[in-house]
Amino acid sequence: MARSWLLNRLEREDATDDRERWKAIISRLEALPGVDKSTNHLTYEASVQSGAAETRSASDRGLQFVARARKQNKSRSRASPDTPQNASRGDVESLREALSESEIMNAGELRLISVASALITSSCALTVGERKLARAAERIDGKTIAGYRDRIAAGEDVLGIEFCKLRPPERRRQTGATYTPPAIVKAMISWAETAGPPPNCVVDPGIGSGRFIAAAAKAFPAAELIGVDIDPLALLMARANACVLGYSHRLRLEFADYREAQLPAFRGRTLFIGNPPYVRHHQITERWKNWFAATARGYGFKASKLAGLHIHFFLRTREIANQGDYGTFITSAEWLDVNYGSALRRMLADGLGGSAVHVIDPKAMPFTDAFTTGAVTCFRVGERPTHFAVRAVHTLDDLAPLDSGRSIRWEEIAQSDKWSTFVREHKRPVGGFIELGELFRVHRGQVTGANAAWIAGDMARLIPKRFLRPTITKARQLFAAGPELVSVAALRRVVDLPVSLDELTADELRKVQQYLAWARTLGAADSYVAQQRRSWWAIELRAPAAVLVTYMARQAPAFVLNTARARHLNIAHGLYPRVPLSEPKLHEIVSWLRGHVSTTGGRVYAGGLVKFEPKELERLHVPRLEDIHGCLAEEQSITQAVVARRTSGRRAKGDKCISE
């Protein structure tokens, strides 16, 4: 009853009218036991809603935050009236999510909270999120705390390491929490030290345990330090490290989403540095996608709502940074080529002042718990240089210095839709080999825009059979097919209507129109893809390709001879011969590709996904047509000889055992 009364009272309370009464109600609510278990698996956006509750009592931190200016010497609020922060005012569920944060802590995390709390000096003013966790802290013996203090003082991020062990990567990926190896932190800080006058302020938009801020505190002893994070445990760890290392008096922590955090205004230069969280667009709410699109549009950039959270962080930096500020972020490298990365490419070319990008091979493990290609991007706000440096990095030891790389004129790179081509080391074919592109054109499959409508189901009975095409609709169909697809019996049909329906009989037209009316109810006519077609219903599948190939998986691509003449959607690429090729010769080419193409040459995305774009497949090396048969025969004979030697060796060993 008491909890219900407080919740009802809280719903009617205005945080701005009577702050003292508001605080009193909050304190009474916090003392009550939590009952809502719905936050046990928070995503980034759900966590943001939890963090938004703290903004109602920002004065508890003893800090009055003001917005940084978009332009120098101007200051105005960046908080949008449509932000989650304002939408959650009076939202009891947001408060309940924040209050239940301690409930999701396991025993290991509770111990970590206890250790971090013990390391923090009593003079520190904690954020609301930190205070809630600290109240659950248990007593840790002094000897144990002294051990932690010594290890931190020696430069070890022992709290961050334990945190990563306690929260598995699968859970941390929900909020994009991937911690950066020390070698990368060191290289990025070293670049910041040599990139002009020292900063007056350093901002880490996703501070985590404070690895970047700790390094910045040592490199820039006079700079103010600001860290932002939605995870109160991360803030607690960062503050504990600061207390041990002696820079807590310079550190201000913000329990908030960076996109709406109100940062203090500083005169002089600001350095933006860190590892923005990698969260895919599926976990980003429509509200923030709209914010991203509208904000980018304000700068004249076309922005896709498919952009990940790390791209949002770049845009927020562009929004709040001033002329003369500078920064370096490490992210996944996919933005170099994908369509949704165009906004960042435009930002770097116009306003954000991109100076370099260093692409780290996934084998170097730029992220310790994610097999993906990393990109360290350096920028100088408002000061775009005449050239942009690009570099491929194969080991973390080779990352520094970040002022090296191949120099490319900005006019050249700004006109390109795919920047990875400037980074990739293009190897010419060795003697006797050619590029696959000399034999085939590679085309990606068509996009339906609405699989529920165009991959045939029960309603497809209304469609004439000549417009139902057997089609590869899933990559696993190619992996299962082996070297040759000989039948379409197991494949789904795709509705492939003509652009003009004039060729249909009256009865066919009536049924097709009935089908199209149904497809409209699924939104098939309203998708972006449909709007770009000559007729919204006309997918216009490509002709059957001679060879089909998967292009995105955690394994080598599967090359399949398309004897069955199936069509393909955009889950596969099609190889179309530029020159006449006999079926035996196609068999030989497929055999070579299946035996020699690995994941090398493709782009590696978060989670270890390897993607081959059409041009990347065309750059693969294969023997010349007149040599390929001989190459395969030679390899087969070598393989047979190796097998024979192994077999004879096992027999000899067996005979010896028998004789003994």
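Residue numbers start at 1 and run along the sequence shown.
- Within a 6.0 Å radius of CZ in Arg578, more than 12 heavy atoms belonging to other residues, nucleotides or ligands are found.
- Judged purely by atom type and a 3.5 angstrom limit, Trp537 uses its side chain to pair as donor or acceptor with the backbone of Pro498.
- In this structure, Tyr528 and Val447 have side chains that are not in contact, with every pair of non-hydrogen atoms separated by 4.5 Å or more.
- The CG atom of Leu575 sits 5.5 Å away from the CZ atom of Phe440 when rounded to the nearest 0.5 Å.
- Taking a cutoff of 4.0 Å between a charged side-chain nitrogen and a carboxylate oxygen, Glu618 and Arg441 do not qualify as a salt bridge.
- Side chains of Thr386 and Arg409 form no contact here, defined as non-hydrogen atoms less than 4.5 Å apart.
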Check: Do Lys615 and Glu613 pass the salt bridge (Lys or Arg N to Asp or Glu O under 4.0 Å) test, and can you show the C-alpha distance, the side-chain angles, and the key distance before you say yes or no?
Finding: CA-CA 6 Å; Lys615 292 299 181 184; Glu613 294 289 354; over 6 Å; no
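- Remark: the Thr317 side chain and the Tyr258 side chain contain an N/O donor-acceptor pair separated by less than 3.5 Å.
- Residues Leu233 and Arg167 form a side-chain contact, since some pair of their non-hydrogen atoms from C-beta on lies under 4.5 Å apart.
- Note on Arg269 versus Asp325: no salt bridge recorded, every NZ/NE/NH1/NH2 to OD/OE distance being 4.0 Å or above.
- Between the NZ atom in Lys474 and the CD1 atom in Ile571 there is a gap of 9.0 Å [rounded to 0.5 Å].
- The side-chain tip of Arg259 points at the ring of Trp288 from less than 6.0 angstrom away and within 45° of straight on.
- Atoms CZ and CG, on Phe329 and Asn275 in that order, are 10.0 Å from each other to the nearest 0.5 Å.
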